[in-house]
Amino acid sequence: MRLTAHRILLPAAAVLAMAAAGCTPGSDDAAPRGQTASEVCGGFAQEPAAASALEAVAGKDVRLTADRSEPDRVLAELRKAARTPQSGKQRMEGIPFCTLEAAGDEKNVLSITLREALAVPAGEAAKASVTAYSTGRLATSSDLFASVYFTCRTPAPAHEIVLDAELERADENEADHAGIRDEQITLANAAARHVAAELGCTGTGLAEGTPAKARS
């Protein structure tokens with residue numbers, strides 16, 4: 001009888017230990033790692049068009065991590081740029097607003113950077129290798145790359161600046177399909193709108209949702 005009782009008590013003690021540790025029988029991990037498409041990088045892609053575009057690029061129901069992103073630095077550097085006199089400015093390197101990896105296998109998905117642009121490039125929209133869109137000052141998307149140039153007027157004493165949101169899809173991301181350029185420009189545009197709102201920009205000319213293709 002004592003042997004039987006001892007055998008019954010051992011599983012009960014194990015269950016209590018697991019409960020104290022926050023585990024349940026049969027579970028190897030706690031909560032799933034990463035975030036959903038609508039949650040990453042401050043929720044810039046939470047609107048339906050952007051969330052759908054990110055799922056199309058990253059994969060449906062794929063959880064994402066953004067550990068190498070620096071959104072606070074983006075805002076700080078762009079605020080500084082808006083207060084810096086134009087004379088003597090040099091080309092700003094892109095600052096990582098949102099760098100995404102698939103949680104678990106750490107497979108690169110895409111990166112979006114923001115920078116101040118000294119000028120809007122001329123003739124870019126006419127290139128045969130890109131698709132042009134109607135948002136901001138200039139918006140184009142190609143096989144692995146998309147960019148949106150837009151004007152940002154911030155409150156005094158800052159001055160008007162031109163910003164560039166650039167998206168680069170990782171080489172190992174094999175999401176090539178019809179509509180991928182639309183999805184890329186939707187995400188670059190969503191990032192631009194998010195940063196513009198945080199900076200208090202006016203006069204951006206940025207479209208909502210998925211930008212329309214520009215008429216040739």
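Values reported hereafter were calculated over all heavy atoms of this structure, with side chains retained and with hydrogens, waters and symmetry mates removed.
A donor-acceptor pair is defined here as one N or O able to donate and one able to accept, closer than 3.5 Å; no such pair exists between the side chain of H177 and the backbone of V57. Between the side chain of R63 and the backbone N or O of G34 there is at least one donor-acceptor pair closer than 3.5 Å. When atom types are taken as modelled, the side chain of T204 and the backbone of F150 share no donor-acceptor pair closer than 3.5 angstrom. In terms of modelled atom types and a separation under 3.5 Å, the side chain of N189 and the main chain of A207 share a donor-acceptor contact.
A salt bridge (Lys or Arg N to Asp or Glu O under 4.0 Å) check over residues 130-148, counting only residues at least two apart or in different chains, returns the pairs D143-R181. Residue pairs meeting the salt bridge (Lys or Arg N to Asp or Glu O under 4.0 Å) criterion with at least one member in residues 116-131, sequence neighbours excluded, are K89-E116, E124-K127.
The closest side-chain donor-acceptor pair between D182 and Y133 falls under 3.5 angstrom. For S129 and S142, the side-chain atoms include no donor-acceptor pair closer than 3.5 Å. A side-chain N or O of T36 and one of E39 form a donor-acceptor pair less than 3.5 Å apart. When only modelled atom types and interatomic distance are considered, S141 and Q184 share a side-chain donor-acceptor pair under 3.5 Å.
More than 12 non-hydrogen atoms from other residues, nucleotides or ligands lie less than 6.0 angstrom from CD of Q35.
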Test side chain to side chain contact (heavy atoms under 4.5 Å, CB included) applied to T154 and E160, step by step
CA-CA 7 Å; T154 54; E160 179 177 291; over 6 Å; no

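Summarising the geometry, atom CZ belonging to R73 is positioned 5.0 Å from atom CD1 belonging to I95; distances are rounded to the nearest 0.5 Å.
Under the side-chain contact (heavy atoms from CB on, under 4.5 Å) rule, S69 has a single partner from I112, T113, T99, V74, which is T99.
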